[in-house]
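Structure first, then comments.
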There are 2 protein chains.
Amino acid sequence: MTTTSMKDVARAAGVSVGTVSNVLNRPEAVAEETRTRVQAAIAELGYVRNDSARQLRAGRSRTVAVVVLDVANPFFTDVVRGAEPLIESAGGVVTVCDSGEDVRRERRHLEILEEQRVLGLLITPVDDTSASWIERLSGHDIPLVLVDRGAGRHPHCSVAVDDVHGGRLAARHLADRGHARIAFVGGPVSIPQIADRLAGCREVCEERGLALEVFTTAGLNFAAGREAVEQMLGLEQRPTAMFCANDLVALGALQALTMHGVKVPQECAIIGYDDIDFAAAAAVPLSSIRQPRSQLGRTAAQLLFDEIGEGAGHTHRNVVFQPELIARASTAQEL
Amino acid sequence: MTTTSMKDVARAAGVSVGTVSNVLNRPEAVAEETRTRVQAAIAELGYVRNDSARQLRAGRSRTVAVVVLDVANPFFTDVVRGAEPLIESAGGVVTVCDSGEDVRRERRHLEILEEQRVLGLLITPVDDTSASWIERLSGHDIPLVLVDRGAGRHPHCSVAVDDVHGGRLAARHLADRGHARIAFVGGPVSIPQIADRLAGCREVCEERGLALEVFTTAGLNFAAGREAVEQMLGLEQRPTAMFCANDLVALGALQALTMHGVKVPQECAIIGYDDIDFAAAAAVPLSSIRQPRSQLGRTAAQLLFDEIGEGAGHTHRNVVFQPELIARASTAQEL
DNA sequence: CGCACATTTTGAATCGATTCATGAAGGGGT
DNA sequence: ACCCCTTCATGAATCGATTCAAAATGTGCG
């Protein structure tokens, strides 16, 4: 109950509140003797600073929020891991928000983050309808960096991986292996990354005259991969290779194929995207398109603090990384 | 810059701040006409409530923190997922803190959470040295629920899975398959769950006269599993089965064994713990001990709100779930 | 008209930390 | 003794939302 405040500490130590505040925030400005007396009182009373009051005065919180599409996806946890050290060493506090690929959840998070006057934001927007909300935050002077999203015409800093190129890499690899009938599995297509990967894939398919079958899914997880396989197996002209929009989908697909006795890669090759750690450990080690995950996070954090530091005169930077093909057993078969 | 406050809204709408506050918090107490006028002003000015000020007044925040050992471990993300709906439907905001199995990081998080006057806490403590800090929070009236930790003599609510029994299940399963020389891989042993799993395993080994080799690891991830295998392969009397303290370790081990050409389960069986989704999708589908992950989260949240609701007259409850053996290919071989 | 009563609105007090102009105390130099 | 500096400590003002007793306004009825 008795939440002890600075006033209590001040009384106990026989000083003014101003002095207590100084002990906490600029100890060097307080005489040694006074300082130890105040510190003793703090310990004695078990006093804990009230962050709300602090923030109220400061006008900003120390929190940097990272809004991701799916915390259960190792891709995003790695991005967060990459960003954390820099944020923390700058005295920030990281909070992770999971939009779950749902615009409404994303919106709710953004509302709350705005009310909390967060220091800044790293966000992977769910889709283009997120834009207006993001502009709103930005308009209210909350600096933000778009993650895994080529900023295109958005007036923001961003870090991204060239997803169109990633799509090309995957499709070319499958083409090189002799596949002429390819399935793309992923969705919703409203997610820009997915659209880009598909675009790259489509481009190569047209260039090389491959048949492309698109299986749109509602999400990017195990279940999506499994369901897509169920559909695919129903077709008379079954594709000989699948390009899955991320590794979770690919692993789900792999599982379903194995369950149906379809041999991977002999009867159906699979390539995923992200190259999460689990990919290499899969039933059939999974070929994938690797993204520099933690570097993505680190760079995003860097850009954010640059922006915070530079203030008004800041010019936005857009960093684009290149993805990389990692070939493993799941595409090892030449047709 | 111009952070608009309630005062600005009040002026714009020609009412007092009290009325603006009422529009936001008890609209039914405000006359229709006034309400719409105020709402118009809010929209017009793009006003956003300042949560710090709100919290300062309220004395508490709406945030429920979940402190986990490793966000990258699907076990914990599932626990969080299980807890979220209940927390959010109660008007709470969830924040996830990753202690990374590191007491110092955990402590830093707890300090900050205490300063933020969080509404409550779901925590999986790193080890027993966390206890004093947890008592401190608890002493400052922050209700908390221990997750995945039989509260034993701790005066708190808790949800847990019987890890000793889980250890037994795993060991018995291996014994039933004819294994007489077992490796336990996991650590650090200071983590109570790990100690318990080992204890259950040891108990069965002694009971049935199996040789038990313990490989202590520094963490619970892929790398730990790989390293343990390197060590194990060096032995002259190599165990014929491994019990890994969680699935990440097991997958790492599986990967390393495969790389060294050791056939699973013929030459070495593996059983993991948690039964994360990836377990079934592994190179060799992984046997595991399943825990009711999301139920764990849901129940924890439930207990927390019970405690918050009941206030002082609350009696702590300790809920224990039973784990379940899921046998798959990685232990399919009879010796 | 006047009184009782219900409906709205008001605005000052409050939460707790930070800031900063002001003042007090002590030291040195002349 | 006097003045100038430096070093410390003070406490009132401030941040923005909420609360609540009190005031204002309106309604109905005798």
Side-chain angles (χ1 to χ4, degrees), chain A residues 1-39 41-42 45-62 91 111-112 114-119 140-141, chain B residues 1-39 41-42 45-62 91 111-112 114-119 140-141:
Chain A
M1 232 315 44
T2 45
T3 342
T4 45
S5 72
M6 270 184 44
K7 222 187 298 184
D8 303 313
V9 175
R11 193 175 320 125
V15 298
S16 73
V17 291
T19 301
V20 177
S21 173
N22 281 335
V23 169
L24 260 36
N25 301 309
R26 32 241 275 219
E28 75 287 353
V30 178
E32 165 97 33
E33 196 262 340
T34 319
R35 198 191 318 147
T36 57
R37 192 148 40 92
V38 170
Q39 278 160 344
I42 289 178
L45 299 177
Y47 165 75
V48 177
R49 242 223 244 49
N50 184 325
D51 207 38
S52 313
R54 209 148 105 95
Q55 279 183 40
L56 173 57
R57 193 72 235 273
R60 292 257 111 161
S61 89
R62 297 175 288 162
E111 280 173 1
I112 292 171
E114 191 176 4
E115 291 188 357
Q116 295 179 337
R117 303 289 192 269
V118 291
L119 184 57
H140 285 352
D141 289 311
Chain B
M1 231 316 43
T2 47
T3 342
T4 46
S5 74
M6 270 186 42
K7 221 187 298 184
D8 303 314
V9 174
R11 192 174 323 123
V15 298
S16 74
V17 291
T19 301
V20 178
S21 174
N22 282 334
V23 170
L24 259 38
N25 300 307
R26 34 239 275 219
E28 74 287 354
V30 179
E32 165 97 34
E33 195 262 342
T34 319
R35 197 191 320 147
T36 56
R37 191 148 40 93
V38 171
Q39 278 160 343
I42 289 178
L45 299 177
Y47 165 74
V48 177
R49 245 225 239 48
N50 184 323
D51 207 39
S52 314
R54 211 148 106 93
Q55 278 183 41
L56 172 58
R57 193 71 234 273
R60 292 257 111 161
S61 89
R62 297 174 289 162
E111 282 174 0
I112 291 172
E114 191 176 3
E115 291 188 355
Q116 296 181 337
R117 302 287 191 274
V118 290
L119 184 58
H140 285 351
D141 289 312

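Order of the sequence lines sets the chain letters (A, B, ...), proteins ahead of strands, with each chain counted from 1.
For the pair B:H140 and A:G46, the tightest heavy-atom approach, listed with the atom from each and the gap, is NE2-O, 3.1 Å. Closest approach of A:S5 and A:D8 over heavy atoms only: N-OD2, 2.8 Å. Nearest heavy-atom pair, B:D51 versus A:Q116, reported as atom, atom and distance to 0.1 Å: OD2-CG, 3.8 Å. Across all their heavy atoms, A:M6 and A:V17 have their closest contact at CE-O, 3.0 Å. Summarising the geometry of B:R60 relative to B:L119, their closest heavy-atom pair is NH1-O, 4.3 Å, with the distance given to 0.1 Å.
When the P atom of C:dA17 is taken as reference, atom CD1 of A:I42 falls 10 Å away, rounded to whole Å.
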Dump the pairs, protein N or O against N or O of nucleotides 23-25 of chain D, anything under 3.5 Å, distances to one decimal.
none

Between the protein and nucleotides 14-16 of chain C, which nitrogen or oxygen pairs come in under 3.5 angstrom?
{"unit_1": "C:dT14", "atom_1": "O2", "unit_2": "B:R57", "atom_2": "NE", "d": "3.2"}
{"unit_1": "C:dT14", "atom_1": "O2", "unit_2": "B:R57", "atom_2": "NH1", "d": "3.4"}

Pairs under 3.5 angstrom, nitrogen or oxygen only, protein versus nucleotides 5-10 of chain D, please.
{"unit_1": "D:dA9", "atom_1": "OP1", "unit_2": "A:T34", "atom_2": "OG1", "d": "2.2"}
{"unit_1": "D:dA9", "atom_1": "OP2", "unit_2": "A:A31", "atom_2": "N", "d": "3.2"}
{"unit_1": "D:dT10", "atom_1": "OP2", "unit_2": "A:S16", "atom_2": "N", "d": "2.8"}
{"unit_1": "D:dT10", "atom_1": "OP2", "unit_2": "A:S16", "atom_2": "OG", "d": "3.2"}
{"unit_1": "D:dT10", "atom_1": "OP2", "unit_2": "A:T19", "atom_2": "OG1", "d": "2.7"}

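With B:R37 contributing its side chain and B:A13 its backbone, the two residues share a donor-acceptor pair below 3.5 Å.
Within 4.0 Å (heavy atoms only), A:D51 reaches no atom of the nucleic acid at all. Among the atoms of the strands shown, only primed sugar atoms or phosphate atoms (P, OP1, OP2) are found under 4.0 Å from some heavy atom of B:R26.
In this structure B:E111 satisfies the side chain to side chain contact (heavy atoms under 4.5 Å, CB included) test together with B:R107, B:W133, sequence neighbours excluded.
Side-chain contact between B:T36 and B:E32 is present, with heavy atoms from C-beta onward closer than 4.5 Å. Between A:R117 and B:V48 the shortest side-chain heavy-atom distance falls below 4.5 Å. Between A:I42 and A:L24, some side-chain heavy-atom pair lies under the 4.5 Å cut-off.
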Between A:V38 and A:V30, does a side-chain contact (heavy atoms from CB on, under 4.5 Å) hold up when you go through it step by step? CA-CA 10 Å; A:V38 170; A:V30 178; 5.9 Å; no
Please evaluate residues A:V9 and A:T4 with respect to the criterion side-chain contact (heavy atoms from CB on, under 4.5 Å), reporting the C-alpha separation (whole Å), side-chain torsions for both, the decisive distance (0.1 Å), and the verdict. CA-CA 7 Å; A:V9 175; A:T4 45; 5.6 Å; no
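Applying the side chain to side chain donor-acceptor pair (under 3.5 Å) rule to pairs touching residues 9-30 of chain A yields A:S16-A:T19, A:S21-A:N25, sequence neighbours excluded.
End-to-end axis angle of the helix from C:dC1-D:dG30 to C:dT30-D:dA1, using five pairs per end and rounding to 10°, comes to 50°.
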